[in-house]
Amino acid sequence: VDVLLDLRFPIGGRDELEHALRQAIMSGALPAGTEVPSTRTLAAELGVARGTVGAALDQLAVEGLVEIRHGARTRVRHVPRRAPAVALEPAATAGATTDTNAAARAVADFTGGDPDLTQFPASWWASAVRRALASAPVATLGYGDPRGQPVLREALARYLRRTRGVVAEPERIVVTAGFSGALAIVARALAGSGSSSVAVEDPSLWVHRSILGRSGLAVTPIPVDADGVMTSALAASAVDAVVVTPAHQTPTGVTLAPDRRAALASWAADRRVLVIEDDYDGELRYDRRPVPALQALDTSRILYAGTASKSLAPGLRIGWAVVPDEWLDAVVNVIDTLGGSPVSAIEQLALADLVDSGRYDRHVRSMRAAYRRRRDDLVAALDGVASGVRVEGVAAGLNALVRLPVDCDETAVVDRLGDDGVLVTPLRRFRVMSSPDDTPGIVVNYGAPYAHRIRDDIATLASALRHALAGSRRR
Ligand SMILES: Cc1ncc(COP(=O)(O)O)c(C=O)c1O
């Protein structure tokens, strides 16, 4: 096919070509089913390297816009489906909308825990998988060590020490299905060894509470304030373990204060309890003040767990835990009971390749810069929306807690945003204990929208929030 691409010659590079092709597909100029000319033809016509065309198409394939099939022509896959325009009426005329199926007509979706999936380094991953298949000894394809591939555990030990200050010997590292997989394994190990209750931060991610509860453990909420989890309340409890997010609390975004870090470690040592450190987004801090992991304070009591879900993609289901000696046998037993290492050996080797080659660092660095810009844009866009609206927490991660004016009704605001096609998570979803005096808030995952939409999505959120707040005062 012949199509007019919106390009300036000479073409700057992959980004520009990718952008032009994306525009052509999204606008319908290249409809679904269209065969894309071969990379050779496109490269010759546009005067760029074949590799540039290939990389641009790989990226569009990751975004679901084209389908690349071995031995067949690449085809356009995307069917343009324009989201309905958001009718942002002036506050005075804003009324209840009749459409309740908000999810189906979402214009901007800030819910869930995904990072920007279009930024997954697909070609690096593909070449790492290819290298793993070409160079790994055949024994790699056997059942293997339940803790995971030694090559990955060694790579992680070096990486975690270098970037997070974690004291990690490869023998004590287990590869898990993300942080949740690690938590599920540890919860079973705890329950199997006679533990009955685990403390969690309040507010915190409901999924983790449910994992603990389903493993037969009672969950005790411990309040979080501006300095993180309240260690005084923890000391007054009689739990066997605690799950904490010290570097960047979910969802408040605060960092555990230095005195509380020390108090937590000495409480764990005195009571001989297990601290489960959830470092899910520890690499994504934007203000040049990274907080080292807690784990080095007491490697015998603190189990460190991390994940590739934010740095790469949650669909990989790869995470890791550095397990205190005392818990290692119990943890490995649970993994065995569940069928062995939960992550494919090849994917493990691919991750080790990414880490050892420095590409993981490079990817994290570039994503850190991109998410930092998003957060800055969000803060700027929400500034002045209404008094009492402010982004809380340190500049880190993919989520921001946006506090709302104290006199507004959180549920009504979230519903009104939904009516305008803007999806966010109400803060109450994260709470265990709630009271009518709670400051209302919404949790915004600014990491999830795809790169080509994020600016529009943030602007849409800001105007929809202004509109929603205008009609959602608490009685
Ligand atoms: C607090 C917290 N921990 C961990 C994770 C990552 O979970 P997983 O590694 O299982 O994908 C998330 C993802 O949203 C999270 O919010």
Side-chain angles (χ1 to χ4, degrees), residues 109-117 120 148 152 156 160 164 173-188 198-212 214-215 219 221-222 224 228-229 242-256 275-285 291 293-295 303-322 335 338 342-343 347-348 351 360 364 367 371 393-394 396-401 423-427 429-432 442-449:
D109 188 348
F110 294 98
T111 58
D114 285 345
D116 180 351
L117 303 175
F120 179 69
L152 176 58
L156 286 172
L160 295 174
R164 305 293 301 130
I173 297 183
V174 295
V175 178
T176 60
F179 172 81
S180 322
L183 186 65
I185 291 165
V186 176
R188 280 183 178 230
V198 177
V200 296
E201 297 167 328
D202 186 12
S204 56
L205 196 64
W206 57 93
V207 184
H208 296 164
R209 301 198 291 267
S210 128
I211 289 174
L212 295 167
R214 285 184 205 181
S215 309
V219 175
I222 305 289
V224 169
V229 70
V242 60
V243 183
V244 286
T245 48
H248 188 224
Q249 207 274 330
T250 289
T252 62
V254 302
T255 297
L256 190 63
V275 175
I276 300 162
E277 176 175 18
D278 175 0
D279 195 40
Y280 66 105
D281 68 356
E283 295 132 321
L284 299 174
R285 175 108 188 202
V291 186
L294 197 66
Q295 185 256 11
L303 181 148
Y304 173 91
T307 179
S309 290
K310 309 292 161 183
S311 54
L312 289 172
L316 294 176
R317 300 315 301 137
I318 306 186
W320 42 84
V322 184
I335 297 174
L338 296 174
V343 182
E347 308 288 311
Q348 293 191 42
L351 179 58
Y360 186 83
V364 167
M367 292 318 297
Y371 292 134
V394 296
L398 309 180
N399 284 293
L401 168 59
L423 307 185
V424 298
T425 310
L427 178 53
R429 183 102 214 266
F430 292 83
R431 294 190 199 278
V432 184
I442 52 175
V443 178
V444 176
N445 177 4
Y446 56 84

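None of the values given here were measured: they were computed from a predicted structure. Each ligand, and each atom within it, is numbered from 1 in the order the structure gives.
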- Task: Under the side chain to side chain donor-acceptor pair (under 3.5 Å) rule, collect the residues that match up with T176, sequence neighbours excluded.
- Result: none
- Could you list the residues that satisfy side chain to side chain donor-acceptor pair (under 3.5 Å) with T255, not counting sequence neighbours? R285
- Residue that, paired with V198, satisfies side chain to side chain contact (heavy atoms under 4.5 Å, CB included) out of L212, L183, V186: L212
- Message: Here's a test for you: under side chain to side chain contact (heavy atoms under 4.5 Å, CB included), which of L401, T252, I442 qualifies with L427?
- Response: L401
Are there any protein N or O atoms under 3.5 Å from the N or O atoms of ligand 1? List them with distances, or say none.
residue	atom	partner	partner atom	Å
ligand 1	3 (N)	D278	OD1	3.3
ligand 1	3 (N)	D278	OD2	2.6
ligand 1	9 (O)	F179	N	2.6
ligand 1	9 (O)	T307	OG1	2.6
ligand 1	9 (O)	S309	OG	3.2
ligand 1	10 (O)	F179	N	3.3
ligand 1	10 (O)	S180	N	2.9
ligand 1	10 (O)	S180	OG	2.4
ligand 1	10 (O)	R317	NH2	2.9
ligand 1	11 (O)	S309	OG	2.6
ligand 1	11 (O)	R317	NH1	3.1
ligand 1	14 (O)	K310	NZ	2.7

- Note on the structure: For Y446 and Y371, the nearest pair of non-hydrogen atoms, with its separation, is CE1-O, 3.7 Å
- Taking only residues two or more places apart in sequence or in another chain, which ones pass ring-ring contact (aromatic ring centres under 6.0 Å, His included) with H248? none
